[in-house]
Structures are given as C-alpha cells and as structure tokens.
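Here the structure is laid out as structure tokens; the discussion comes afterwards.
Bear in mind that the values here come from a model prediction, so they are computed numbers and not experimental data. Order of the sequence lines fixes the chain letters, A, B, ..., with proteins taken first and strands second; residue numbering starts at 1 for each chain.
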There are 2 protein chains.
Amino acid sequence: MSLSPHPRPTVAVDLAILTLADGHLCVLLANRPDAAVVGGDWALPGGFVHQGQPLTAAVERVLNDKARLRDVHFEQLATFGDPGRDPRGHVISVTYLALCPPGSLPQPDGRDTCLARLVVDWPGEKGGPARALGPDRQPLHLAFDHRAILGEVVRRLRGKINYSDLAFALLPPRFTLRALQEVHEAVLGRRLTKPAFRRRMLDTGRLRATGDYETGGAFRPAELYKTA
Amino acid sequence: MSLSPHPRPTVAVDLAILTLADGHLCVLLANRPDAAVVGGDWALPGGFVHQGQPLTAAVERVLNDKARLRDVHFEQLATFGDPGRDPRGHVISVTYLALCPPGSLPQPDGRDTCLARLVVDWPGEKGGPARALGPDRQPLHLAFDHRAILGEVVRRLRGKINYSDLAFALLPPRFTLRALQEVHEAVLGRRLTKPAFRRRMLDTGRLRATGDYETGGAFRPAELYKTA
DNA sequence: GCAATAGTGTCTTTCAGACACTATATC
DNA sequence: GATATAGTGTCTGAAAGACACTATTGC
C-alpha cells in the first residue's frame, strides 16, 4: 500500500560518534572516496533507513559496522532535510550523537576513518558551525552540511551537560572527579573551578564514592566514583 | 537516480500548533475520519514531504492549509520513526512546534478542527505523555503516538522558555509583563512570584518599555512592552 | 623534606523567592 | 473613597566563583 503517490525522499541516519582524547572532544569521521561529488573528504558515518526498520536499528547498524561498538549511549539530535544538502539526491538525514568512553573506540587507521578534534569559534550556547581538526591539527574538509551538524552537536552537549547524565557516558564506569571535570571542561570549552565543581557534582546525589583509589600516579591518588 | 535500492519509508511533518487561551496552553488538533484505522479521533495536523521539497516548505504548507497561518514562528522538535507508529505503513514523522499569539488562529469549528488544552501529569522537565482536553474538558482520544509527541512538546517548551524568545512568539507584538508572566506560568504549569519575574525579565535586556498603557481595564492599566 | 595533586573551609557576589509596601487607574 | 491591579524595596537563603588552606602520595 502506498501512502503517498509522489516520489519520496530517501531517509538516512548520520552519527556523531564522540569520545574524549587528550582532554579534547573528538568525533569519528569516515573517509569519502566520492569527495568530488559530496563536497568533502570526510563525513559523519551514516546509513540509509529501510522500510520497516526503526531509526534506532539503523543507528545500531552503523555503530556496529563503522565502529564495532555495542551498548553505546546514543540520542537523537535533529533532522536535516534540505533538498540540496546531498548533491546526489534528496536525502533527509536524522542525526544522532553517540557517546563513548575513552579507549572504547577501535583505533582509527587515518585512511578509512579518523578521530578529529571538534573545535568551535563561538562561546557558550550561541551556536554556529564547527571545525574538525585531523591528527596533524589541520582542519578537515567535511562533506554535505556536516560542519553545521557538528556545530549543533556541540551546542546540544553544552546545553544538556549540566542537567543530564551525558558526561558519564563519556567516562568509564569508575572515574575520578578530576576526570569528570575534564569532560565538562572539554564540552564547555572553558576551565571550571575545582571546589565549586566538586560541590555541585556531589550535591546532585548522582555520584557514589567507591572507596577505591586510582593507581599508577606519581602523587596522591584520587578516589574513584561511580554513578548512583 | 536512486540512492537506495530498498523500498523507502514515507516522510511526513506533524505540527503542534500552540497558542494560549484563558491562561492555558492549547494545541490545534485535526479530526480523523479514519479513527478506527489510526487509533484515535484527533491528531496533530500534518502532511507528507515530497521529493525535492524542504521540510520547512511542508511545514508552511500545513500551516497555510490547516490554520490559514503565515509568518508564524516554528521550530523542529524531534523525529519519530517507529515502523508501528502508523498502522497504514512506515511513516517517519518530523515533528515541529508552531507558536501563535492569542486570537491569531481562526476559530476551530469543533468538527474538523478543535483547540485542546494541553495537560501533563509530571512536574518540571521530567517528561512523559500529555493529555489533550476538548472544549468540554474531557480527554480526547489521540491517534498514532501523538500523546507521546505532545509530551515532548511540553518538555521542550519548559526547557527552552527561560533562555529563549519562545514566550514572545505566544504574545502579540506589544504586551504587559503580566501577560508575559501568564505565558510562563501556563508553560511551566506553576505560579511564579511577580517581583522576581519582573526583575528577571527586565534584567535580560530583551524587553523595551513602549510608554503606552493597556486600555479597557477597570483598574490601573499596565505598561505595554515589546521585544528589544 | 620536596613536588604535585587531592580535597576542604570560607568569603563574597549573584540571584530568586517571600513579603510588605506604595502607586494609580476606574467606579 | 473603595477596589483591584501595577509596580517597587528589602530581607533571606541557595548556589557559584575566588582563594587560601590542609591532606596524602611517591620520590
């Protein structure tokens, strides 16, 4: 049965797979061999949505195919449907962000995939496009409208990090308060003061001290916490 | 050219056209003659997205067709794509909310369209489904997953009203601070204190006093403000 | 003891709620 | 003058930044 007699646009999901590396927010990008057509060498990994397939199933398929990831926290960001955004045809992209603890991503080879640092020029939650810096710190040439999408990614993260469990999805199950603060600083793009941050986090009641301490450091070890 | 050889889901836009009536947040609903098929008598007005058509064009078409509205503030909410959400087939719905000043909507006739009060059971930004009350204050039977969508609508409004221009889109160009406070109270579902609210609004710098005053009241008239 | 980081106590500023007050319109 | 609402001054308490302090580890 056809609900609409008109020719239909195609639907895809595109994923911003995010992690923290060296204190910086990074995104996994896929190389585009068709760079000349799609307008850039690198793009967010994505895939088409087939009839009868839930959006979440398409997301999980991309996570598994492109990053060998399972049980990752992901959430919908926004939908981009401008007919000109994909030169090959009308593709409506439902974008998601996926959050991974450091080290849970397979090492990108730099050819098919790379891990790019996310940088924005704007303060706070003002909004605007983002840049992606390659391993050599040079800006990468992004395909489609993916600079704008990555800008929205950062804006969403900044808007939600203070009243959601989003930061914990970028950390291992047990973590120090300093590591948690580094996540917040990387997302917000500014330094925070330690006492106020500790109070604020502990007052939420979402944290539980484990009684264990980090090891391997040269100096006083910090206590490990987990989510309550 | 076909980007995907598989059969594709259909894409639609669905609109939560909101306004304020009698101090309550209300949404415009369309009657469904096919209630037995779609699971409810009333639904958000919507329309299919055709190939090559921007999402915003589909939104404007629905606004014009269903509510004779132009130049209305609208923004994207979220995309719902569960294959079972529409019994007729796989329809991916990109939902929008549209905000209208009181009185700018044509009077719904109660048969094809009605203006339903939006009510939620949950406090703050906790989230959950919403109910829609008809003119007789009885809950309406909503089609599809529209109870869940309307819950997200309220959640989004509550999350954004304090740091966006969203409230002004629910007011005429010139308005009293009391009217602005009533908008906030209707969205947040709780009473606010007048002095704190006035200070907070005036301190944002987004308001400008006009020097004019409302008329027709039996008592001291309030000054009219506009957005800066 | 030294270096470096973990973690805390306290002061100050900011801001929202509570509450009481003054001001001004119609009747 | 009565009444009802517009608009303000002030107190209080909560929360965050600044800053200085103590605590604990490896060397």
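- As a whole-Å value, the separation of A/E214 CD from D/dG26 C1' is 13 Å.
- Residue A/P195 places its side chain closer to D/dA18 than to any other of D/dA18, C/dA16, C/dT5.
- Minimum atom distance to the side chain of B/R200 is reached by C/dA16, of the listed D/dT3, C/dA16, D/dG7.
- Look at A/E152 and A/R156 and you find no salt bridge, because none of the NZ, NE, NH1 or NH2 atoms lies under 4.0 Å from a carboxylate O.
- Taking only side-chain nitrogens and oxygens, A/R220 never comes nearer than 4.0 Å to OP1 or OP2 of D/dA23.
- Between the C1' atom of C/dT22 and the NZ atom of B/K194 lies a distance of 11 Å, rounded to the nearest Å.
- Here D/dT25 is the nucleotide among D/dA16, D/dT25, D/dA6 with the atom lying nearest to any side-chain atom of A/F219.
- The distance between atom OH of A/Y213 and atom P of D/dT24, rounded to the nearest whole Å, is 9 Å.
- Distances were taken from every side-chain heavy atom of B/R198 (C-beta onward) to each of C/dA16, D/dT5, D/dT8; the shortest belongs to D/dT8.
- Taking atom CE of B/M201 as the reference point, atom P of D/dG7 lies 15 Å away to the nearest angstrom.
- Using a 4.0 Å heavy-atom distance criterion, B/P221 is classed as a sugar-phosphate-only contact.
- Both cation-pi conditions hold for B/R158 and B/W122: the charged atom is under 6.0 angstrom from the six-membered ring centre and inside a 45 degree cone around its axis.
- Closest-nucleotide positions on DNA chain D for A/T193 and B/L177 were compared, and the one nearer the 5' end corresponds to B/L177.
- We find that CZ of A/R190 is positioned 9 Å from P of D/dA18, with the value rounded to whole Å.
- Checking C/dG17, C/dA4, C/dA6 against the side-chain heavy atoms of A/A222 singles out C/dA6 as nearest.
- Taking every side-chain heavy atom of B/R199 into account, C/dA18 is the closest of D/dA6, C/dA18, D/dA4.
- For CG of A/D136, the number of neighbouring non-hydrogen atoms (other residues, nucleotides, ligands) closer than 6.0 Å is greater than 12.
- Comment: A/E185 engages A/R191 in a salt bridge, judged by a side-chain N to carboxylate O separation of less than 4.0 angstrom.
- Atom NE2 in A/H184 sits roughly 15 Å away from atom C1' in D/dA16 (whole-Å rounding).
- The aromatic rings of A/H184 and A/F197 sit perpendicular to each other, their planes meeting at more than 60°, with 30° as the lower class boundary.
- The nearest whole Å value for the distance from the CG atom in A/L202 to the P atom in D/dA15 is 14 Å.
- Here D/dA6 presents its P atom at 12 Å from CG of B/L224, a figure rounded to the nearest Å.
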